[in-house]
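Just so you know, these numbers use all the heavy atoms, side chains as well, and skip hydrogens, waters and symmetry mates. Letters A, B, ... mirror the listed sequences (proteins, then strands); counts begin at 1.
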2 protein chains.
Amino acid sequence: MGVVETTKTRALRRAKPVAAPRELAPALPLGEILDGDCVEAMRRLPDASIDLVFADPPYNLQLGGDLNRPDGSHVDAVTDDWDRFDSFKAYDDFTRAWLTEAKRVLKPDGALWVIGSYHNIFRVGAILQDLGFWILNDVVWRKANPMPNFRGTRFTNAHETLIWASQGEKAKYHFNYRAMKTLNDELQMRSDWVLPICGGQERLKEGGHKVHPTQKPEALLYRVLLATTERGDVVLDPFFGTGTTGAVARRLGREWIGCEREGGYRQAALKRIAKELPLDESALTTMQSRKTAPKVAFGALVENGYIAPGTQVFDKKRRWTATVRADGSLAYEKQVGSIHGLGKDLQGAPSCNGWTFWHYEVDGEVKPIDAARQLYLLATED
Amino acid sequence: MGVVETTKTRALRRAKPVAAPRELAPALPLGEILDGDCVEAMRRLPDASIDLVFADPPYNLQLGGDLNRPDGSHVDAVTDDWDRFDSFKAYDDFTRAWLTEAKRVLKPDGALWVIGSYHNIFRVGAILQDLGFWILNDVVWRKANPMPNFRGTRFTNAHETLIWASQGEKAKYHFNYRAMKTLNDELQMRSDWVLPICGGQERLKEGGHKVHPTQKPEALLYRVLLATTERGDVVLDPFFGTGTTGAVARRLGREWIGCEREGGYRQAALKRIAKELPLDESALTTMQSRKTAPKVAFGALVENGYIAPGTQVFDKKRRWTATVRADGSLAYEKQVGSIHGLGKDLQGAPSCNGWTFWHYEVDGEVKPIDAARQLYLLATED
DNA sequence: GTTGTCCCTGAATCTCCAA
DNA sequence: GTTGGAGATTCAGGGACAA
């Protein structure tokens, strides 16, 4: 077992040139959504060709009748055929089949993420252990705004579980420890992540109705991909849906491949991903060493979309204009640092409050980045 | 399936008199720690005799010392050269054995809690589903102060997972919804609980060393028992350790039975529990949900003068104003019905809680008619 | 522009009891 | 076993619209 830390050597070896990624992997259908059953689709991929599998399989919810809110309104539940299985046995067979293919296509140092709820995650976890995957962490997505339990019969089901696993006990894997620590205010990133559910502008809708019943928030994929892939890595999502994985992969400069049976989802995903703009190089370079680490949770603003990676920030007199990078660090020419550290260095000052020093434009207005922090604090207040 | 709420009837039926609990359940070794292997020990208990099982099973898959096969034979020490199949197989057999006994001794409306980490919880969860247990919630214990990941190779493992399950899909179970809501500042209790790990005064030590490596915090058991048992219920802990379950059960006026092989743990547990003082009756009275309060017919309020016949009642927006009739029915134009039925019909809703839907004026103030019921309940208590 | 209110919605295994 | 009536039950965020 062992972590392959992000090193320049490794980045050079693994990262595919942005200009011509296909030259190094001619057989891979990068940026394509494979039609049909995911097991069959994965069979078309070569062995040991994928860096990361992210899977959001059907949960097998086994819902009973209708459910109404106390105000009488009806809850729009997941009733799709793709979530129905005849028995645990049928679900287990299905799970074993797709996990087996996932294991085959993954590189020896590749990794797997699966997300699920208590309906399915225990079965998935046990089966992936049986297949030889080695669990590295289980991660809890604590929903900031879950649906309540309307009848007062149980605890509010306020979280979902992700499993992160390597190819085996002795297998290598990739973990961007520094980037995670930077993102988490210089504290180690924990196994519980508080993130809002997918709604608002981010939620894909057509004719006023949600396109997909279980669209995942981009912030979740953002953290997964930033934590466990490098630029140019190939990410496979066997249950692509409306393409959250593809959209975030493209934004972060990762290659992606999807599998999806439903034509409607495929169309929506392609349209969505086409609109996504890859971040530029300097925004994507994440922290490599302790020395350059920012000391604040500026990264959380970036992760949650309050400040986009690539945003230009500048001091009030516009003497310096720096670029926001994906992990919340800033880059100015060849200098890199936290919002505080870089501001201090550029001014040659003994210290600097980056929150008030750096500004950005929002809706044509210049504001200190502290304004974004205030918005974030308001939104995440307990 | 269904929640059996705390009713006076049920409390009377279930609760054993504090003075002489054994008279009603002479065969149960209440307040005792059974020696030996937990499966064998549980075999000594009668069918359908236990209200709640709380289990904190061993999960070190590399230690065979805790493993016995279902036939009673001992599993040899697990060493590195064991292949993973044998290791998982042995753990699964062990898990199936104790869960099978747990299911047998539980009453039809009893429930099971298990706590574990990613090493074992997926196997335990899948097996208990296979045995017919019905998962009600998975609950995340989010540790306020987890041990950091010293080597920076993974996410800080900052949580453990609990599974709460009933005897089956259609089985009844007990959930003190109102008590949980009260405990959580009048918001529904969620499936993620933030609690500190066990340390300080609470942590049992002997000669400066902790007595048990995985002693659970009492706050965790407190919440579990308060949420899913009543006073006088019998709680069984098959992996008793140093007796956190017994200590909290005693404090909360629940009966307990433990199983523990290690004499040292048994001694420490008995000593600890003896020091525990049961809370007095008034401290143990928890918030009752409306469901569990004695039922009051709206007609009784009219009959007793809390609402006069002829009173005008209306919804919050005053879309409809109805008249209270002498028998407790409501009349709106040509429609007549109960407080619930008429509210439902007028709104065209699938259902309606008339107590909160209808309002009336009292002393110039608009109040829901539920206010009158509260007054009535106060006046007729005991 | 700002504040307040109303309305809608989200992977949900969501009632009990008598007849 | 089923059926029907009585009765109990919700949190946070976003968008639209009014004041």
Side-chain angles (χ1 to χ4, degrees), chain A residues 56-80 82-84 115-121 141 143-161 196-203 205 208-210 212-217 241 378-382, chain B residues 1-5 7 9-10 129 134-138 165-166 168-170 172-173 175 177-178 181 184 186-191 289-293 295-299 316-317 337-341 343-344 350-357 370 373:
Chain A
D56 181 12
Y59 287 7
N60 190 24
L61 286 184
Q62 309 171 69
L63 298 178
D66 281 1
L67 179 64
N68 294 307
R69 298 186 178 82
D71 65 6
S73 63
H74 184 254
V75 175
D76 184 16
V78 178
T79 52
D80 307 68
W82 51 251
D83 195 49
R84 270 203 276 275
I115 182 168
S117 67
Y118 67 82
H119 309 83
N120 71 324
I121 198 66
W141 167 28
K143 299 181 186 184
N145 48 349
M147 196 191 307
N149 179 294
F150 298 116
R151 308 310 280 272
T153 55
R154 304 179 179 189
F155 299 100
T156 307
N157 194 2
H159 73 276
E160 295 189 21
T161 302
I197 61 177
C198 180
Q201 295 295 330
E202 188 184 323
R203 188 88 193 202
K205 299 211 173 163
H209 292 84
K210 50 190 177 189
H212 195 285
T214 69
Q215 188 181 337
K216 294 290 175 291
L378 277 175
T380 57
E381 200 160 62
D382 279 3
Chain B
M1 122 185 66
V3 181
V4 179
E5 278 280 358
T7 63
T9 319
R10 180 183 162 245
Q129 285 181 313
W134 189 251
I135 299 180
L136 297 165
N137 276 115
D138 59 335
S166 69
E169 180 176 359
K170 310 286 184 189
K172 295 186 190 306
Y173 60 93
F175 181 51
Y177 175 75
R178 204 66 198 79
K181 191 168 175 176
N184 195 39
E186 286 307 304
L187 288 177
Q188 285 190 342
M189 186 69 79
R190 299 167 40 118
S191 58
S289 81
R290 228 181 244 125
K291 265 186 218 164
T292 70
K295 287 195 181 167
V296 177
F298 183 66
K316 213 169 181 181
K317 294 186 189 161
S338 71
I339 54 172
H340 310 294
K344 175 178 113 147
S351 66
C352 169
N353 180 351
W355 293 111
T356 53
F357 178 73
D370 194 44
R373 178 167 60 160

- Canonical and wobble pairing (Watson-Crick, G-U, under 3.5 Å) of DNA chain C, dot-bracket with |: .|||||||||....|||||

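Heavy atoms of A:Asp56 sit under 4.0 angstrom from at least one base atom. At a threshold of 4.0 angstrom between heavy atoms, the contacts of B:Leu187 are confined to the sugar-phosphate backbone, with no base atom among them. Across all strands shown, A:Asn149 has heavy atoms under 4.0 Å from base atoms, whether or not it also approaches the sugar-phosphate. Residue contacts shown for A:Pro57 include a base, since a base heavy atom lies under 4.0 Å away. Among the atoms of the strands shown, none is found under 4.0 Å from any heavy atom of B:Arg190. At the heavy-atom level, A:Gly65 lies under 4.0 Å from base atoms of the strands shown.
The neighbour count for A:Lys143 NZ, taken as heavy atoms of other residues, nucleotides or ligands under 6.0 Å away, is above 12.
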Under 3.5 Å, N/O pairs linking protein and nucleotides 3-5 of chain C:
none

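Close to C:dC7, at under 4.0 Å from its OP1 or OP2, lies a side-chain N or O of B:Lys317.
For the residue pair B:His340 / B:Ser338, no side-chain donor-acceptor distance below 3.5 Å is found, with atom types taken as modelled.
Comparing the same atom, C1', in D:dG5 and in C:dA12 gives a spacing of 25 Å after rounding to whole Å. Comparing the P positions of C:dA11 and D:dT9 gives a spacing of 25 Å, expressed to the nearest Å.
Annotation: salt bridge (charged side-chain N to carboxylate O under 4.0 Å, His left out) contacts involving residues 60-78 of chain A, sequence neighbours excluded, comprise A:Asp76-A:Lys210.
Protein atom CZ of A:Arg69 is 13 Å distant from nucleotide atom P of D:dC11, rounded to whole Å.
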